[in-house]
Amino acid sequence: MSSVGTLFDGFSIVARHVLTQYRRPMTTRVRLLSVDGGNLQLAGGREIASDGDLQGDALYRIVYLPAFQGGSEQGIVTLLDHAQPLLDWLRRQRTQGAVLAASGTAALLLAQSGLLDQGKAAVSKPLAAFFRGRYPQVRPYTRATVVEHAGIFTCSAPTNEWALVSRLVEETVSPISAQWLASAMGILADRRGSPRSSDDPLVASAQWWLAQRFTQSFKIAELAQALAVSHATLIRRFERGLGLTPRAYAQRLRMEAGKSLLRSTQNTIEHIAVTVGYADVRSFRTAFRAHVGLSPSAWRLAGRGSSGAR
């Protein structure tokens with residue numbers, strides 16, 4: 001039950017954050033599917049209605065497999081041996097570019113599909129021996145929280161699902177939203193050049209304040225007042241902790257958000273410039289080229305080329 005709910009809750013929380021931060025609704029919608037469209041049985045015999053089945057040609061940006069109770073090893077083997085319709089569907093979704101993810105025992109379904117062959121997966125210690133024996137072509141990691149293999153993510157246990165959902169948000173929404181979700185849920189998520197959190201509590205608080213406002217016009221004096229420190233103390237601690245000024249940090253947040261939107265949406269450059277906090281597209285283009293070395297259009301084109309080759 002919690003494994004299903006974590007994904008719903010995670011993207012719902014991010015959607016509210018995006019609406020507050022960017023003043024725009026997030027179009028991502030989570031659907032709960034079953035093989036035949038029937039109800040899904042949860043822990044304790046509870047049931048929940050599905051939103052559809054695996055038939056048809058619908059393609060998804062993310063496919064998330066929640067952890068399940070397998071019972072005995074023989075029970076797990078029986079389940080895996082009868083999962084062919086699901087396995088075929090997973091392979092089709094991955095071929096069309098979907099990000100796949102699985103929690104706990106659900107990693108067995110990805111391994112059974114062959115999509116993890118010559119790769120790796122996060123596996124719990126109680127499941128490791130069974131996993132190694134059945135899938136020798138997949139390397140299990142028992143000490144890792146979340147493991148990625150070519151766009152396929154696994155987490156070793158349901159207790160790590162918030163970290164997994166944060167990674168999925170990073171892949172499909174933005175690194176900034178993922179970092180915000182990770183902070184809100186009390187987990188760490190320093191990925192893909194997203195600014196790391198400082199060990200200095202004052203600087204970490206300043207990072208949080210800036211993460212909520214980097215798309216808006218603000219004054220550093222307002223930040224210093226909010227943290228009850230002098231302007232000079234804020235600048236000195238911030239530069240010592242992160243090696244850049246608060247203003248430069250906010251600029252970096254804008255650039256990371258801009259790169260994510262260029263990579264994951266079809267929005268115009270003009271729209272993205274306004275979304276991440278620039279008054280005009282010319283200023284955004286100038287700042288982006290100085291930060292990345294390419295124009296926004298060239299960076300987007302280069303990213304599409306590398307994604308297609310993967």
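All figures in this text were calculated on a predicted structure; none of them were measured in a lab. We use all heavy atoms of the structure for the numbers below, so side chains are in, but hydrogens, waters and symmetry mates are not.
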Enumerate donor-acceptor pairs with a distance under 3.5 Å from any side-chain N or O in residues 155-165 to protein atoms, sequence neighbours excluded.
{"unit_1": "Ser156", "atom_1": "OG", "unit_2": "Ala144", "atom_2": "O", "d": "3.4"}
{"unit_1": "Ser156", "atom_1": "OG", "unit_2": "Asn160", "atom_2": "ND2", "d": "2.9"}
{"unit_1": "Glu161", "atom_1": "OE1", "unit_2": "Thr6", "atom_2": "OG1", "d": "3.4"}
{"unit_1": "Glu161", "atom_1": "OE2", "unit_2": "Ser3", "atom_2": "OG", "d": "2.5"}
{"unit_1": "Glu161", "atom_1": "OE2", "unit_2": "Ser103", "atom_2": "OG", "d": "2.5"}

- Out of curiosity, does Val99 fall in the hydrophobic cluster containing Tyr60 (side-chain heavy atoms, cut-off under 4.5 Å, transitive links)? no

- Query: Should Leu79 and Val4 be counted in the same cluster of Ile, Leu, Val, Met, Phe, Trp and Tyr side chains packed under 4.5 Å apart?
  - Reply: no

- Query: More than 12 non-hydrogen atoms from neighbouring residues, nucleotides or ligands closer than 6.0 Å to CD on Glu270, yes or no?
  - Reply: yes

- Task: Check the hydrophobic clustering (I, L, V, M, F, W, Y; side-chain heavy atoms under 4.5 Å; chains of links allowed) and say if Phe68 and Leu32 are grouped together.
- Result: no

- Note on the structure: Interatomic distance, NE2@His291 vs NZ@Lys259, rounded to 0.5 Å, equals 4.5 Å

- For Pro136 and Gly133, the nearest pair of non-hydrogen atoms, with its separation, is CD-O, 4.0 Å

- Query: Is any side-chain heavy atom of Val77 less than 4.5 Å from a side-chain heavy atom of Gln74?
  - Reply: yes

- Message: Set out, in order, the CA-CA distance, both residues' side-chain angles and the distance that settles side chain to side chain contact (heavy atoms under 4.5 Å, CB included) for Ile269 and Arg300, then state yes or no.
- Response: CA-CA 10 Å; Ile269 307 300; Arg300 169 180 269 175; 4.3 Å; yes

- Could you go step by step and tell me if Asp117 and Val138 meet the side chain to side chain contact (heavy atoms under 4.5 Å, CB included) rule? CA-CA 5 Å; Asp117 285 358; Val138 183; 4.3 Å; yes

- Query: Can you find a heavy atom in the side chain of Leu80 that is under 4.5 Å from one in the side chain of Arg134?
  - Reply: yes

- Item | Close side-chain approach of Val276 to Phe288, heavy-atom, < 4.5 Å | no

- Message: Would you say that more than 12 heavy atoms from the other residues, nucleotides or ligands in this model lie under 6.0 Å from the CD of Gln225, or not?
- Response: no

- Value for CZ (Phe284) from CE (Met255), rounded to nearest 0.5 Å, stands at 5.0 Å

- Message: Any heavy-atom pair between the side chains of Ile235 and Ile220 that's under 4.5 Å?
- Response: yes

- Note on the structure: Nearest heavy-atom contact between Ala43 and Met1 is O-CE, 4.3 Å

- Query: Is there a donor-acceptor contact under 3.5 Å linking the side chains of Tyr135 and Gln112?
  - Reply: yes

- Query: What residues, two or more places apart in sequence or in another chain, satisfy side-chain contact (heavy atoms from CB on, under 4.5 Å) together with Leu244?
  - Reply: Leu242, Ala248, Tyr249

- Item | Ser166 side chain to Ala178 backbone, donor-acceptor under 3.5 Å | yes

- Under the side chain to side chain contact (heavy atoms under 4.5 Å, CB included) criterion, do Trp209 and Leu227 qualify, and how do the steps go? CA-CA 9 Å; Trp209 193 94; Leu227 298 177; 5.6 Å; no

- Query: Could you go step by step and tell me if Leu181 and His17 meet the side chain to side chain contact (heavy atoms under 4.5 Å, CB included) rule?
  - Reply: CA-CA 9 Å; Leu181 178 65; His17 172 67; over 6 Å; no

- In Å and rounded to the nearest 0.5 Å, what is the CG to CZ distance from Leu127 to Arg132? 10.0 Å

- Item | Row check, Phe218 ring normal vs Arg247 NZ/CZ: under 6.0 Å, within 45° | yes

- Could you check if a side-chain atom of Phe238 sits within less than 4.5 angstrom of a side-chain atom of Thr245, using non-hydrogen atoms only? no

- Query: Does any N or O in the side chain of His82 come within less than 3.5 Å of the main-chain N or O of Thr78, such that one atom is a donor and the other an acceptor?
  - Reply: yes

- Does a sphere of radius 6.0 Å around CZ in Arg31 hold more than 12 heavy atoms from other residues, nucleotides or ligands, not counting ones at 6.0 Å or beyond? yes

- Message: Grouping I, L, V, M, F, W and Y whenever their side-chain heavy atoms are under 4.5 Å apart, do Leu116 and Leu86 come out in a common cluster?
- Response: yes

- Give the minimum heavy-atom separation between Val35 and Pro85, together with the two atoms involved. CG1-CB, 4.3 Å

- Tyr64 reachable from Leu90 in the ILVMFWY side-chain graph, under 4.5 Å edges: no

- Task: Please tell me if the side chains of Leu294 and Arg289 come closer than 4.5 Å, counting only heavy atoms from C-beta onward.
- Result: no

- Here the gap from Ser124 atom OG to Phe131 atom CZ, rounded to the nearest 0.5 Å, amounts to 10.0 Å

- Item | Close side-chain approach of Thr215 to Arg254, heavy-atom, < 4.5 Å | no

- Nearest heavy-atom pair of Leu210 and Pro246: which atoms, and what distance? CD1-O, 3.8 Å

- Assess whether side chain to side chain donor-acceptor pair (under 3.5 Å) is satisfied between Tyr141 and Arg139, documenting all intermediate values. CA-CA 7 Å; Tyr141 283 74; Arg139 181 185 303 174; 3.2 Å; yes

- Quick one: pull up OG in Ser34 and CD1 in Ile48 and give me the separation to the nearest 0.5 Å. 11.0 Å

- Item | Ser12 side-chain N/O to Phe8 backbone N/O, donor-acceptor pair under 3.5 Å | no

- Just by modelled atom types, is the Gly38 backbone N or O under 3.5 Å from a matching donor or acceptor in the Ser50 side chain? yes

- Rounded to the nearest 0.5 Å, the CZ atom of Arg236 sits from the OG atom of Ser230 at a distance of 6.5 Å

- Message: Tell me if a side-chain donor or acceptor on Gln216 pairs with a main-chain N or O of Arg213 at a distance below 3.5 Å.
- Response: no

- Is there a side-chain contact between Leu54 and Leu33, using heavy atoms and a 4.5 Å cut-off? yes

- Looking at Gly37 and Asp53, what are the two nearest heavy atoms and their distance? N-CB, 3.3 Å

- Item | Nearest atoms (heavy-atom pairs only) where Gln251 meets Ala287 | NE2-CB, 3.4 Å

- Around Arg91, counting heavy atoms of other residues, nucleotides and ligands shown, do more than 12 lie under 6.0 Å from its CZ? yes

